[in-house]
Amino acid sequence: MGPPPIVTGLSPNEGPPGTRIKIRGENLGKSPQDLVGLTICGVDSLLTAEWKSENKIIAISGPIKGKGDVIVTTRSGGVGTCNVTFKGYQIATIGPMKESAVWVEETEFFSWGRHSLSPSSYQQEDPLGLSVEDTEKKIPEDDLLQFYPNKNGDITSNDFSAGWFLLENHQATSFNDLQAGLVHLRRKVQGQKEGQLSFLKSNIGAVMDQIDTLVNLKDRYEADLPKVGHEPTLKLEKAIKESEHEARKLFDDVLNRKDRAEKTRNALNVLTRFRFLFCLPCAIDRNVKKGDYDIVINDYIRVKNLFHKTDIPIFKIALNEIEKRITDLQSKLHQDLQTMPITVEQQKRLIRYLVNLDAPFDAAWNAIKARSNYINKKFSLMYNYHKSLDKPESKSRNSSTSKYSKYNKTPNTEVTIIPACINFTHEICLSVTETFPDLWIIGQSYFSGELQVKVEAGRQVEYKHMVMTVIETFCKYVRASLIPNTLDKSEKSQFGSLTLPERDEIALYLPELLESVRSTYSTFIQLDLPGDALQIVSSLLLDLRVHCMSILFQQTTEQIKYLNENWKINYNGKYTGVTELPLKFLNAIENLIQVVKESVLLVEQREVSLFENPVAQKEMEKQLNNVLTAFHNVLNNLSSSEEYDESENCVPVVSQLVGTPVSSHKTGSRSDIPIWEHRLLITLSNCLFTKNTVLDTISTKFKENGFPPLTMCFTSTKSKLEQLEKSILDKYLEQKSDPLVGTIEPSMYLGRFDWHLIVPPTDIRPYVKECINNLINVHSEIIHISPTLLNAVLPQVVETVAEELYRLMSCVQRFSREGALQAKTDIMALREFLKDYSTDSAQQYFVEALEVVPPLDRTDEIIIEDILRQCRAKMKIQIKCLRH
Amino acid sequence: MSKKPTVQPALHKVIMVGSGGVGKSALTLQFMYDEFVEDYEPTKADSYRKKILLDGEEVQIDILDTAGQEDYAAIRDNYFRSGEGFLCIFSITEDESFQATQEFREQILRVKNDDNIPFLLVGNKCDLEEKRKVTFQEAQDRANKWGVPYVETSAKTREHVDKVFFDLMREIRARKKDENKTNNGRGKDKNKKKKLKCTIL
């Protein structure tokens, strides 16, 4: 046990209740836990005590009055002592009739008033008249108790013991003094005893007066007795009662007022205490207006927790009011929830509100349904809108497209009116991309329990059906507007159909639309939709791609069909001897490949390569065949029609005039269209070029761009082209050789010449020269168009010439010597000059022709050599022309 | 109930007077608990009492630390009445507080009605020499005029803190002895005297 605590300082040393006192001293506890007791003037103040150090505690004074000690008790030191005192006082009192700003418990004041005359102020006087001794050297109380058991020194007590009293108070007083004190006490007692008499003595006059007055009073009373009766107090009593009544009336008023005030105060109190409840309806209105639903919900939950079991009518009324508002709010939120458009976040928030509000709706499910309905409605709205635009538009569009088709141009300009189906598809794609994810997300949240809603059985299936319906509807709409042929009849009628634009026009938009659908698809993929849902879109996409591809091919086929020849031969650059036609063809194909590659072939997320699909591949082959055939047809057309154009009067026929077998002049026609033979040659050249170069290039291009091997198509086309080539060549030869050969005979017998006539030969005959000149003409014509054709065409011509010569020779009935000489000379000259272009059969014809001519002798041979030499010299230029 | 059976040592009642903020509480706390309080918190009225050894004799010192602020000036009379000795404190860094000592002195003399009441003039904050406003001589002159000792103290460094309290208590003790002598000499007047003393006590 350590030293007991001792309080040695108080700051301040007085104050009203609630004063913060710094208590200083020694051993006031070693820790806050050590401090176990603190009383200030007898009032326990431990609760307010704040232990600072062993020397300092801070505490708040309690309801104390008067002076008293501050006693600290510690666990280590026990109950302590105090050197100093604290004085408590009240600052002011508030009475019943005194105004106060605060509500004061009144009962206490009355008790104070009653007990203000407590005997605490009673001071014990010194009965012996001796001064109280100094405090030193007192006999401890315990000792006294030992001496005088059950006694004490209190004069007023029954157990008063004089000995105790003397020992306690006058222990050190001398006997003399005590004696004097006894005298003093006696005198005092005497004084009290004698007092009455002496008092009367000294106040005799006054006493007499009083007795007189009493006698007077008695007389008067007796005199009044007959007047007032035996009980004069009755009247008095009545008066008192009356006055009491009056007083009460006055006081009642005050009391009533007080009651009323109290009631009001109580009501106010209740209002204040439950202000939350009573203000809630307004607060709800306000917050609903502001959109602070969270606050409303919080308040509502709070009020429900607090008051839902209440029986107090006023609370019930308030609660009803609140319930009404909450119900309104619920239906409003529910309305909002189903009002589209709305974001998922908003919906989720609304659902949360509704769940928190215990709304009687299946909010989450309704939201999902609303979304699904919204999407479907939007689809049909869009469809109807575009349908309404479709009709009037189609007419104007038709006129415009017909214009285009007439000029065989791709309508890439001037198209201001986009066909309804295109717009619709585009829009529906956008719409589904925009709206569907929300449906999916909210569905996912619903089933994952994120919305804190109980998922009812069967909803999963229903939801799946919903999603599938949306996707299917979407796909069917797209199909209906773009590829209605993939729908069956009932679906067609269900989803209606918009007017399909012309192929050229739709080809323009298809890749773009494909892109739209694709982006929708990728949105779906990102949403992680189930496979069967994706499958629907994916198959649509595949169909669309195939359709797109076939449309593009068809477009190209169409383009190629209308390719026209400008007959301008390309003399320089990579491909010489051909016109632009094959290049245009190549170009068209290249463009096609490019477009197809960019749109259709492109394999995006979760798409199969197009040509893995057998249908697609078959379609592709078919379309390619069409394209190639189209070009073939173009070439064929060019080569088959002699009359190029009705408007041109050019008749490029071989003149029958001797010496001018081929007339290349045209009368009154445009000079840019070459003559028929030229055209044939050009076409032939193009044909060859196409076969040998363009097709290979195209084939490589296709391969390079990831198309499947298409050798079949190309080989068949090549063979077709070969046939075409042959027919063209035949035509040309027919055109060329026939007149040329035809001129030989007349020219041979020109000027009444005959082989039996004896005309010594001096030169080769003019018909030979003419024949050579004609050949040179053909040669130049071919060279002019394409040197590569030379070997294909000229030998054929030479062969016919040789054959004709042989025929003519064998027809000669009789040769004179000179005639034979002349014939041999002619044949040899021709053979020599045409050597470079003579085929084996031509050579054979020449030999056979020579054999027909009668044999000649040595001199004749010399003559022939001579003539030939002269001829070679003369016709040097002609010979050069026919040289390679 | 001040009368306890235990024997109580002699009690000397000291009152601290002076303007606000001169360091009355600081001196008191330094003397009582050897602590120096830095923060200033105006005092209203604080009581301290402890046993100390004065020249080998155990005595009790009761210190009443009064308010320096004028707000409480009206109740000073009451305090002064119970005092046996006074420490009149001013701050040497504040001339105003020095001037105020005059007023305090007059008030005490008026209340006590005794020119020889134990009284010390104390110039506090002597550690703040560089801020000194009141010269030592000036204060000494005033003390001489009043016939009281002048001591300079520092509650912060504890310089002369014990000295002022002990000096004052010695004076009080000496004065009480004088009074006892005169009382004993008078004999018959003892009762009256004692009663009078009661009120003082």
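Here the structure is a predicted model, which means the values were calculated and not measured. Every chain is numbered from 1, with letters handed out A, B, ... down the list of sequences.
Nearest heavy atoms, A:Gly15 versus B:Lys44: CA-NZ, 4.3 Å.
Only the side chain of B:Leu64 comes within contact range of chain A, with heavy atoms under 4.5 Å apart. Proximity to chain B (any heavy atom under 4.5 Å) is shown, for A:Lys67, by neither the backbone nor the side chain.
By the 4.5 Å heavy-atom criterion applied to side chains, B:Tyr48 and A:Ser11 are counted as neighbours.
With values rounded to the nearest 0.5 angstrom, A:Arg24 atom CZ is found 12.0 Å from B:Lys50 atom NZ. Residue A:Ile21 holds its CD1 atom at 10.5 Å from CG of B:Asp46, rounded to the nearest 0.5 Å. The OG1 atom of A:Thr8 lies 9.0 Å from the CD1 atom of B:Ile63; values are rounded to the nearest 0.5 Å. For the atom pair CD (B:Glu41) and NZ (A:Lys22), the distance works out to 3.5 Å, reported to the nearest 0.5 Å. In this structure, CG on A:Asn13 lies 11.0 Å from CZ on B:Arg49, to the nearest 0.5 angstrom.
Distance alone, capped at 3.5 Å, places no donor-acceptor pair between the B:Tyr33 side chain and the A:Lys56 backbone.
Within 6.0 Å of the CG atom in A:Leu47, the count of heavy atoms belonging to other residues, nucleotides or ligands does not exceed 12. Counting heavy-atom neighbours within 6.0 Å of B:Lys176 NZ, excluding the residue itself, gives a total above 12. Counting heavy-atom neighbours within 6.0 Å of B:Glu58 CD, excluding the residue itself, gives a total above 12. Within 6.0 Å of CD in B:Glu35 there are more than 12 heavy atoms belonging to other residues, nucleotides or ligands.
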